[in-house]
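Both counts, for ligands and for their atoms, begin at 1 and track the order of listing.
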Amino acid sequence: MLVIIKKDYEKLSKEAAKLVADRLKKKPNLVLGLATGSTPLGLYKELSRMHKYEGLDFSKVTTFNLDEYVGIPPSHDQSYHYFMQQNFFKNVNLDPRYIHVPQGMAKDVDQFCNWYEDRIKSFGGIDLQILGIGSNGHIAFNEPGSSLGSRTRIKTLTPATRKDNKRFFKKNEEVPKYAITMGVGTIMDAKELLLVASGKGKAEAIHQSVEGPLTAMCPASIIQMHKEAFVIVDKDAASKLQGTYVDSWEPITIK
Ligand code: PGA
């Protein structure tokens, strides 16, 4: 695991985008795992800029999103389909046939989850998975207590998560109760992980994930076991770390 500390949100977003662009240039048919949430927005903005002004080409890329609410149609402005469309997909030249976001309206959710796992495998697995982290250490909708070997499945949202989400919906009854999420095991199968975190609100979760014990109560702590994980954080999110870390993912060259 490589922990990279940048001065602020803008610099961490650019550093993360540089890593994604590097992998994409090396493998034009990259299989890219995507995350929603406010933290990757700067990364998506920078990738969109690189596409527009530097010709970064997504035409051969396949994407798999981590999660989606159950019972919310893709046209709903709080669906993760909508989020991705507005913040990334519409800005780049991805082939819509190779974009995958879990189907929250699937009639048979279990069957869908098995299909999603098989579909990831059929593309040779995810090359690089982008991740955010919850202040409680969750990754995707794998809340504390999630099995560290879990696969794509339906999860009940915790009361705390539903309360947090209430502000985005007109009525209480509209707040989703369930989500489809890649499991911790699914995420760990990605060849590389790129976790981004910003702000003091994430400092404890980052400390626990990077330096704390490996525990299902902090699902993100599993990344300590991944062979190729990058954790890019700003100074605030790094404020509780005790180790010494670097400021770039690029290999050190000794002259
Ligand atoms: P955030 O969410 O980026 O909006 O803080 C991250 C997460 O909960 O995974």
Top protein contact for atom 8 (O) of ligand 1, by heavy-atom distance: His138 NE2, 2.6 Å
Partners meeting side-chain hydrogen bond (donor to acceptor under 3.5 Å, both in side chains) with Lys191 (sequence neighbours left out): Asp127
Side-chain donor or acceptor of Glu54 paired with backbone N/O of Arg49 under 3.5 Å: no
Close-contact set for ligand 1 against Gly37 heavy atoms, below 4.0 Å: 3 (O), 4 (O)
Thr36 N/O under 3.5 Å from ligand 1 N/O: no
Those atoms of ligand 1 less than 4.0 Å from some heavy atom in Gly134: 7 (C), 8 (O), 9 (O)
His51 and Phe58 aromatic ring geometry - parallel, tilted or perpendicular at 30°/60° bounds: perpendicular
Protein contact of atom 5 (O) of ligand 1 - nearest heavy atom, named by residue and atom, plus distance: Lys202 NZ, 2.5 Å
Nearest protein heavy atom with distance in Å, relative to atom 6 (C) of ligand 1: Ile133 O, 3.4 Å
Common cluster, Val92/Leu47, ILVMFWY with side-chain heavy-atom separation under 4.5 Å: yes
Ile222 with Val231, same ILVMFWY side-chain cluster at under 4.5 Å: yes
Selection from Ala140, Pro40, Gly201, Ser38 by shortest heavy-atom distance to atom 4 (O) of ligand 1: Ser38
Heavy-atom nearest neighbour in the protein, as seen from atom 3 (O) of ligand 1, with distance rounded to 0.1 Å: Thr39 OG1, 2.5 Å
Side-chain ion pair, Glu143 and Lys155, N-O less than 4.0 Å: no
